[in-house]
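This report refers to the structure that appears directly beneath it.
By convention in this document, chain letters (A, B, ...) are assigned in the order of the sequence lines, proteins followed by strands, and residues within each chain are numbered from 1.
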Amino acid sequence: MTDQTAYNFAYLDEQTKRMIRRAILKGVAIPGYQVPFASREMPMPYGWGTGGVQVTAACLVPEDRLKVIDQGADDTTNAVSIRRFFQRTAGVAVTEATAEASVIQTRHRIPETPLTEGQILVYQVPIPEPLRFLEPRETETRKMHELEDYGLMHVKLYEDISRHGQIATAYDYPVKVEGRYVMDPSPIPKFDNPKLGGNAAIQLFGAGREQRIYALPPYTQAISLDFDDYPFAASKADHACDLCAAPDSYLDEVITDDQGSRMFVCSDTDFCASRRAAGHSGPMGTPSAGADEE
Amino acid sequence: MSILAKMKMQPLLSVRDLSKFYGGRIGCADVGFDLYPGEVLGIVGESGSGKSTLLSCLAGHLPPDRGEVIFDTREGPRDTVQMAEAARRRLARTDWAYVHQNPRDGLRMGVSAGGNVGERLMAVGARHYGQIREQAVDWLGRVEIAADRVDDRPSAFSGGMQQRLQIARNLVTGPRLVFMDEPTGGLDVSVQARLLDLLRGLVREMGLSAIIVTHDLAVVRLLADRLMVMKGGYVVEQGLTDQVLDDPQHAYTQLLVSSVLQV
């Protein structure tokens, strides 16, 4: 611990960390179960990752190397400010390379580079309750989790098919964890859903405003809900990255002018940059990373 | 079915000494009856006589203070009052059905008609969209809702259609016991007549047992085999429907029967 006048290591006081770590341990012990915790005020508004920041702060040790991404990108406001927050309050090393990081806080993406044992992936979760928009009463949703009363979840998917001809839910796609709890994977695209199950890293989910923590320990089964005749399919833009030519990464569509021109680029900036550094190049990119950015 | 054959049958629902108190006030007290498979029991009485309290206790929506409700489950007779919540809910979505007076209480208004009918199927594990939808359309047909309304929301339906949709939604899993709380309340008489006709057909065709709470004597005359008259939380008279209505013994039943306007 540092001296009295300075911040405690990683911002939170020790009692708070202890409380959050207990919640995390309970979450890891019961995969997919939403553990209530006493969420603290953080120096940022709700919706900007207060839950994720608290979970990250409770996990960080001085030897850690932190990576923060927002929609896959390392260089957006949310990612930059949270990364700087931990540089100032914990003094930990930071990185943009997925493989080098020991703790990764993410908003709405799972990195393309496969995670390894020993890594921790922390998600920022706006609404942890997968049943929330189907059943507004919290007492009732808790009872439904308790009794595994999940018929309603399929009603949502049924409605999708009857209205759109397919399961139109493209993000926030519910998964069933180890055959027991239905879990909201935070608003990651359903492209990332297959990476939730059997992942080597510890996945922790923090919802600050809703005061819930839940977790997927390494190599946990997480199955995306679907129908027998409308199976789950991970989807992405039918295109290759315009900068690095990756055919299999999740793409952002970027409007480039008022004439309707657009480009598709990897949402995972680290993945895209390292591919370009390795010599891959798409129609709008150059092989050397960063050369086409100012 | 002969009386003798009936006597040998196991009652589907056996209620003993059921009481529910709201503090010092009586909700319902010392109610007991047997309901046999295929039988329809009517419960009549004025407002505040404990009809709805009794029905809620029977359906497991309210915990009674005393007594037992023994239901003949597929694993044999069980007391649903002592049953674990999970088991009771499983019963509620397989063997039981509950038709609310107001269809808005029993339907999901934001979900299409097909989704409403399919919910119970999906709750018991149906995972094939095509089959769920097929069954939903089939059931809409049985309650006289056109198949092209399957994707419309109940909010676009008339009151009578909503009530029929609620019935379809409840009967789709083939329950054995249906609880109905004033199923024809709030509908105009011609729609009521069609609904009653439909209900009578479904009850006979599926061999359902039903408990119908109502204050409309015409409804029980049409649907119910047996009748229970409640007043102040107590059952004051019970017997065969025609017997009770044509030859009422208790003063209150006499009052009730004579209060009906003859057109």
Side-chain angles (χ1 to χ4, degrees), chain A residues 30 33 127 129-169 172-182 190 193 221-233, chain B residues 60-61 63 83-94 96-97 104-137 139-140 147-156 165 168-170 172-173 175:
Chain A
I30 317 172
Y33 172 72
I127 295 166
E129 180 51 72
L131 303 160
R132 175 58 64 239
F133 292 109
L134 304 161
E135 173 54 62
R137 289 168 294 174
E138 175 70 19
T139 48
E140 183 62 20
T141 53
R142 282 204 214 180
K143 189 125 258 178
M144 290 162 82
H145 283 295
E146 178 194 337
L147 301 174
E148 281 188 83
D149 193 354
Y150 291 132
L152 203 50
M153 208 69 244
H154 273 85
V155 172
K156 178 185 185 315
L157 302 178
Y158 172 95
E159 287 292 285
D160 261 6
I161 301 173
S162 72
R163 210 170 303 158
H164 306 289
Q166 58 177 347
I167 297 178
T169 304
D172 231 349
Y173 196 103
V175 293
K176 192 161 202 178
V177 179
E178 290 287 338
R180 178 60 180 87
Y181 286 100
V182 166
K190 69 174 168 184
N193 265 27
Q221 181 196 58
I223 295 173
S224 306
L225 300 179
D226 59 3
F227 285 105
D228 295 344
D229 45 348
Y230 285 86
F232 171 82
Chain B
H61 297 175
M83 204 178 245
E85 172 91 24
R88 193 158 53 225
R89 283 213 178 193
R90 200 172 314 120
L91 270 186
R93 38 176 208 247
T94 53
W96 293 353
R104 280 160 199 276
D105 296 337
L107 291 172
R108 290 191 190 277
M109 299 305 284
V111 170
S112 71
N116 266 297
V117 179
E119 180 177 346
R120 277 172 74 107
L121 292 171
M122 292 182 250
V124 297
R127 291 292 178 265
H128 191 283
Y129 175 81
Q131 287 164 9
I132 292 167
R133 196 174 169 80
E134 209 172 283
Q135 284 206 49
V137 170
W139 265 97
L140 290 183
D148 62 351
R149 303 297 300 268
V150 64
D151 290 332
D152 289 351
R153 293 182 180 195
S155 48
L165 179 62
R169 167 187 161 89
N170 273 294
V172 65
T173 44

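For B/Arg120, no part lies under 4.5 angstrom from a heavy atom of chain A. At a 4.5 Å heavy-atom cutoff, the contact between B/Arg153 and chain A is made by side-chain atoms alone.
No donor-acceptor pair closer than 3.5 Å links the side chain of A/Asp229 to the backbone N or O of B/His128.
When B/Ala123, B/Ala86, B/Gly115 are compared by the number of non-hydrogen pairs under 4.5 Å with chain A, B/Gly115 comes out ahead.
B/Arg90 CZ to A/Leu147 CG: the interatomic distance, rounded to the nearest 0.5 Å, is 9.0 Å. Here B/Glu119 contributes atom CD and A/Leu134 contributes atom CG; the two are 9.0 Å apart, rounded to the nearest 0.5 Å. Atoms CD and CD, on A/Glu146 and B/Glu85 in that order, are 7.0 Å from each other to the nearest 0.5 Å.
Scanning both residues, A/Phe227 and B/Tyr129, for their nearest heavy atoms gives CD2-N, 3.7 Å.
By the 6.0 Å contact criterion, CZ on A/Arg132 is enclosed, its count of non-hydrogen atoms from other residues, nucleotides or ligands being greater than 12.
Close approach to chain B, defined as a heavy atom under 4.5 Å from one of its heavy atoms, is seen in A/Asp149, A/Gly151, A/Leu152, A/His154, A/Val155, A/Tyr158, A/Glu159, A/Ile161, A/Ser162 of residues 149-162 of chain A, taken by number.
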Using the rule given for side-chain contact (heavy atoms from CB on, under 4.5 Å), can you reason through A/Glu148 versus B/Arg89, listing the C-alpha separation, both sets of side-chain angles and the distance that settles it, and then say yes or no? CA-CA 10 Å; A/Glu148 281 188 83; B/Arg89 283 213 178 193; over 6 Å; no

